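What you see is a predicted model, and the numbers here were worked out from it, not measured in a lab. The figures here come from the full heavy-atom set of this structure, side chains too, leaving out hydrogens, waters and symmetry mates.
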Amino acid sequence: MKLNNYFWGSLRVTAGIDGMLQELNVELGQNLTPGTRLAIVGSDTALKAELSVQQSDAEKIALNMPARVNTFSTGNRGEVIATVTRIDPIVSDGRVMIELDLTGSLPANARPDLSIEGYVISHVIPNALTVNLPTKVQADTDATLFKLNPTTHLAHLTQIEFGTLSDNKIQLLSGAKVGEQLIISDLSKWQHLATIKIEQESL
């Protein structure tokens, strides 16, 4: 059954695409709040993507921002260029649904209800120095981490200044340079020491 228009009393709802009605979430006479999902229409030719984003991150996202979607296509990464077209006004469990229009070429495995990963490009910092997010570290803060000297196997407590956080990466503003090694595990019980020795376990 192919449906384009749906009627509930005097309310007319029009789907944005041609496709098959996959799910109907409302009943006649039901009261609705803005942002409520009414139905799901599936199409193999006009696909969109939805990302569930933490509310704190969603506040940085605006309409028409560029994005990337990864479908994990066999043989390649299946990354597709996309654009933010809708930001759900409802917060559910601390997360916000972001809708993306897929503007790039779709990989062979693209289909409705496919599990994907993606990200929105809200800001670009050229030549940023980043590191995996250390335990208990937040964006735009200072923290002390142990920096390893690979020659002596000694790690010295060092003040590090952090900047922007993106996914599991955080920007390094000062305290470390390219090629230096930081210990990002939780070593808070050793914070009273200025230096610790890292020994390699024998196999």
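Atom CD of Glu50 has more than 12 neighbouring heavy atoms from other residues, nucleotides or ligands inside a 6.0 Å radius.
The main-chain N or O of Arg95 is never found under 3.5 Å from a side-chain atom of Asp93 such that the two would form a donor-acceptor pair. Judged by distance alone, with hydrogens and angles left aside, the side-chain atoms of Thr85 form a donor-acceptor pair with the main-chain N or O of Glu99 at under 3.5 Å. Under a 3.5 Å cut-off, the side chain of Thr158 and the backbone N or O of His156 do form a donor-acceptor pair. A donor-acceptor pair under 3.5 Å is formed between the side chain of Asn109 and the backbone N or O of Thr71.
With sequence neighbours excluded, no residue forms a salt bridge (charged side-chain N to carboxylate O under 4.0 Å, His left out) with Glu59. For the side-chain hydrogen bond (donor to acceptor under 3.5 Å, both in side chains) test, residues two or more places apart in sequence or in another chain that qualify with Asn25 are Glu23. Looking at residues two or more places apart in sequence or on another chain, you find a salt bridge (charged side-chain N to carboxylate O under 4.0 Å, His left out) between Arg86 and Asp88. Judged as a side-chain contact (heavy atoms from CB on, under 4.5 Å), and not counting sequence neighbours, the contacts of Ile81 are Arg68, Thr103.
Here the closest non-hydrogen pair linking Ala155 and Ile198 is CB-CG1, 4.3 Å. The two residues Pro107 and Val80 have their closest heavy-atom pair at CD-CG2, 3.4 Å. Closest approach of Ile116 to Ala49, counting heavy atoms only: CD1-CB, 4.2 Å.
Between Leu100 atom CG and Met65 atom CE the span is 12.0 Å, to the nearest 0.5 Å. Rounded to the nearest 0.5 Å, atoms CZ (Phe146) and CD (Gln181) are 15.0 Å apart. Atom OH of Tyr119 and atom CG of Leu51 lie 11.5 Å apart (nearest 0.5 Å). Separating the CD1 atom in Ile196 from the CG atom in Leu187 is a distance of 5.0 Å, to the nearest 0.5 Å. For the atom pair CZ (Arg111) and CG (Leu106), the distance works out to 13.0 Å, reported to the nearest 0.5 Å. Within the model, atoms CG of Leu148 and NE2 of His153 stand 8.0 Å from one another, a figure rounded to the nearest 0.5 Å.
Annotation: side chain of Val96 is not in contact with side chain of Ile61 (no heavy-atom distance under 4.5 Å).
Criterion: ILVMFWY side-chain heavy atoms under 4.5 Å apart, direct or through other members. Under it, Leu63 and Val120 are part of a common hydrophobic cluster.
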- Chi angles and distances behind the side-chain contact (heavy atoms from CB on, under 4.5 Å) call for Leu145, Phe162: CA-CA 11 Å; Leu145 298 180; Phe162 294 97; 3.7 Å; yes
Under 3.5 Å, which donor-acceptor pairs do the side chains of residues 170-178 form with other protein atoms, sequence neighbours left out?
unit_1: Gln171; atom_1: OE1; unit_2: Thr164; atom_2: N; d: 3.2
unit_1: Ser174; atom_1: OG; unit_2: Glu161; atom_2: OE1; d: 3.1

Side-chain donor-acceptor distances from residues 125-141 under 3.5 Å, at least two apart:
unit_1: Asn132; atom_1: OD1; unit_2: Lys169; atom_2: NZ; d: 2.7
unit_1: Thr135; atom_1: OG1; unit_2: Ile184; atom_2: O; d: 3.4
unit_1: Thr141; atom_1: OG1; unit_2: Gln138; atom_2: O; d: 2.6

